[in-house]
Student: 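Please see the structure below; I have some questions.
Letters go in sequence order (proteins before strands), and every chain restarts at 1.
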There are 2 protein chains.
Amino acid sequence: MNRPPTKSVKAYPLPLKGNPGRTREEHSQETALDYAELIAELISTTGAARVTELARRLGVTHVTVNRTIQRLQRGGLVRTRPYHSILLTGAGWKLSEESRRRHEIVVGFLKSIGIPDAVARSDAEGMEHHVSKKTLAAFVKHLKRRGLHKPSR
Amino acid sequence: MNRPPTKSVKAYPLPLKGNPGRTREEHSQETALDYAELIAELISTTGAARVTELARRLGVTHVTVNRTIQRLQRGGLVRTRPYHSILLTGAGWKLSEESRRRHEIVVGFLKSIGIPDAVARSDAEGMEHHVSKKTLAAFVKHLKRRGLHKPSR
DNA sequence: CCCAAATTGTAGCGTAGGCTACAATTTGGC
DNA sequence: GCCAAATTGTAGCCTACGCTACAATTTGGG
Ligand SMILES: [Mn+2]
Ligand SMILES: [Mn+2]
Ligand SMILES: [Mn+2]
Ligand SMILES: [Mn+2]
C-alpha cells in the first residue's frame with residue numbers, strides 16, 4: 001500500500017516550532033492583563049469599575065465578566081463586594097501598570113511606523129501579549145531614536 | 001454607604017476597547033493556522049505529516065493533535081485516513097500558504113529592527129495572528145525600503 | 001514471520017472563556 | 001415611598017484546548 005516515506009529524509013531531527021507552549025501560556029494570562037488594565041483605567045477615569053461597564057467595553061456579556069472576575073479574585077488580583085465596584089489588590093494594580101506600559105509602547109511603535117491610530121490600537125490589543133521583553137526593548141529604542149518615547153506617562 | 005460615583009463624569013460614553021471580540025476571534029483561528037502551516041511544511045520537507053511529529057513540534061501530546069485534526073477535518077481543511085499521513089484540502093493548502101507568508105513577514109520585520117533570529121521566531125509565533133492587513137503591509141513596505149523583502153518565493 | 005516497540009486512536013477529565021435564561025438586588029423617577 | 005428598570009449574580013450549557021490512561025494498529029528487527 002502506498003504509504004508515504006516515514007524515515008526517508010530523517011537526516012537529523014526537525015526543529016521545534018519556535019517555542020512550543022509559549023503562545024498557549026500567554027493566552028492564559030492575557031484576559032487577566034486586559035481586565036486589570038481596564039479596571040484601573042475605569043477607576044481612575046470614572047471612579048469605579050462596574051460589571052456592566054466592563055462587559056460593554058470588552059464586548060462580552062456581564063456573565064462572562066462575573067466569571068472572569070471570580071477567577072481573578074481567586075488569583076488575588078481583585079477584590080469584590082456584591083453590587084459594588086471591583087477593586088484592584090496591590091498585585092492587581094502592579095499588573096495593570098505593567099500591562100498599560102506594554103500596551104502603550106506597542107501602540108506607539110505601530111503608529112511610529114505609519115499605522116493609523118485606530119488600527120494600531122486594534123492590533124495592539126492582541127499583539128501586546130506576544131511581545132517579548134527583548135522586542136519590547138527594541139520598540140522603546142526605536143521610539144527613543146525618533147524622540148517619540150513617553151517615559152512611564 | 002460610600003458608593004463610588006456612578007454617573008459622575010458620564011459626559012459621553014467611554015470608548016470600547018479597541019475592537020472588542022477581535023482578539024477572541026483570532027484566537028479561535030490561530031491553532032488552525034499553525035496546524036495548516038506546519039502540516040504543509042512537513043509534507044514538503046519530509047513527504048508526510050504524521051500525528052507524532054506534529055505533536056513533537058508543537059509541544060503538545062498526540063491526543064491534542066488528534067482532537068485538533070478532527071476539528072480541522074470537520075472544518076474542511078484536512079483529510080485523514082487512519083494510521084496515514086494527514087493531507088491538506090485545497091482550502092487547507094491555501095490557508096497554509098497565507099499563514100506562511102504572514103509568518104515570514106513578521107519574522108523578517110522583527111529581525112530587521114534588530115531582534116535576534118530565535119527571539120523573532122518565538123515572538124512571531126504569537127504575534128502573527130494579531131497583525132492586520134494594514135500593519136502587515138507596513139511591515140512589507142519597511143522591508144522593501146531596506147531591500148530585505150523576499151517576494152513570496 | 002513474529003512480537004515488542006512505535007504510532008495512532010479514543011474515553012474521560014479539567015480549565016478557560018463564551019453564552020442564555022432566570023433570580024436577586026439596587027437605583028431612581030414619579 | 002413605590003415600583004419598574006438597571007444592575008448584578010447564578011445555574012446550566014457549549015466549544016476549544018490541554019491532559020492521563022488505555023486500546024488498537026502498524027512497523028521493523030531478529
Ligand atoms: Mn491592553
Ligand atoms: Mn490585550
Ligand atoms: Mn502562530
Ligand atoms: Mn494570541
Student: Please give, in whole Å, the distance from dC14(D) C1' to Arg74(B) CZ?
Tutor: 13 Å
Student: What is the distance, rounded to the nearest whole Å, between atom CD of Glu25(A) and atom P of dA16(C)?
Tutor: 14 Å
Student: Is any side-chain heavy atom of Leu77(B) less than 4.5 Å from a side-chain heavy atom of Leu88(B)?
Tutor: no
Student: For dC19(C), does OP1 or OP2 lie under 4.0 Å from any side-chain N or O of Thr61(A)?
Tutor: yes
Student: Would you indicate what Thr68(B) reaches in the nucleic acid, counting non-hydrogen atoms under 4.0 angstrom: base, sugar-phosphate, or nothing?
Tutor: nothing
Student: Can you tell me the distance, in whole Å, between the CG atom of Leu72(B) and the C1' atom of dT15(D)?
Tutor: 14 Å
Student: Starting at atom CZ of Arg57(A), determine the distance to atom C1' of dT7(D), rounded to an integer number of angstrom.
Tutor: 18 Å
Student: Taking for each residue the nucleotide of DNA chain C bearing the nearest heavy atom, is the 5' side occupied by Thr64(A) or by Glu53(B)?
Tutor: Glu53(B)
Student: Side-chain atoms of residues 107-117 of chain B: list all donor-acceptor pairs with protein atoms under 3.5 Å, sequence neighbours left out, distances to 0.1 Å.
Tutor:
{"unit_1": "Lys111(B)", "atom_1": "NZ", "unit_2": "Asp117(B)", "atom_2": "OD1", "d": "2.7"}
{"unit_1": "Ser112(B)", "atom_1": "OG", "unit_2": "Phe109(B)", "atom_2": "O", "d": "2.6"}
{"unit_1": "Ser112(B)", "atom_1": "OG", "unit_2": "His142(B)", "atom_2": "NE2", "d": "3.3"}
{"unit_1": "Asp117(B)", "atom_1": "OD1", "unit_2": "Arg121(B)", "atom_2": "NE", "d": "3.4"}
{"unit_1": "Asp117(B)", "atom_1": "OD2", "unit_2": "Arg121(B)", "atom_2": "NE", "d": "3.2"}

Student: Of the candidate nucleotides dG9(C), dC19(C), dC19(D), which contains the atom at the shortest distance from the side chain of Val60(B)?
Tutor: dC19(D)
Student: Give the rounded distance in Å between these two atoms: CZ of Arg56(A) and C1' of dA6(D).
Tutor: 15 Å
Student: Quick check for you: among dT26(D), dG9(D), dT20(C), whose closest atom lies nearest to any side-chain atom of Tyr83(A)?
Tutor: dG9(D)
Student: Kindly determine whether Ile69(B) and Val51(B) satisfy side chain to side chain contact (heavy atoms under 4.5 Å, CB included), including the steps that lead there.
Tutor: CA-CA 9 Å; Ile69(B) 292 296; Val51(B) 172; 5.7 Å; no
Student: dT8(D), OP1 or OP2 - any side-chain N/O from Thr52(A) closer than 4.0 Å?
Tutor: yes
Student: Round to a whole Å and report the spacing from CG of Leu33(B) to C1' of dA16(D).
Tutor: 15 Å
Student: Give each protein N/O atom lying under 3.5 Å from an N/O atom of nucleotides 10-12 of chain D, with the pair distance.
Tutor:
{"unit_1": "dT10(D)", "atom_1": "OP2", "unit_2": "Gln70(A)", "atom_2": "NE2", "d": "3.4"}

Student: Could you state the atom-to-atom distance from CZ of Arg81(B) to C1' of dT7(C) in whole Å?
Tutor: 16 Å
Student: According to the interplanar angle, ranging from 0 to 90°, do the rings of His130(B) and His130(A) count as parallel (below 30°), tilted (30 to 60°) or perpendicular (above 60°)?
Tutor: parallel
Student: Provide, to the nearest angstrom, the distance between the CG atom belonging to Leu77(B) and the P atom belonging to dA16(D).
Tutor: 13 Å
Student: Ion pair present between Glu25(A) and Arg22(A), side-chain N to carboxylate O less than 4.0 angstrom?
Tutor: no
Student: Please determine if a side-chain N or O atom of Ser28(B) lies less than 4.0 Å away from the OP1 or OP2 oxygen of dA16(D).
Tutor: no
Student: Sequence neighbours left out, what pairs pass salt bridge (charged side-chain N to carboxylate O under 4.0 Å, His left out) with at least one residue falling in residues 37-49 of chain B?
Tutor: Lys17(A)-Glu37(B), Lys17(A)-Glu41(B), Glu41(B)-Arg57(B)
Student: Side-chain contact test, heavy atoms from C-beta onward, threshold under 4.5 Å: evaluate it for Ser132(A) versus Asp123(B) and give yes or no.
Tutor: yes
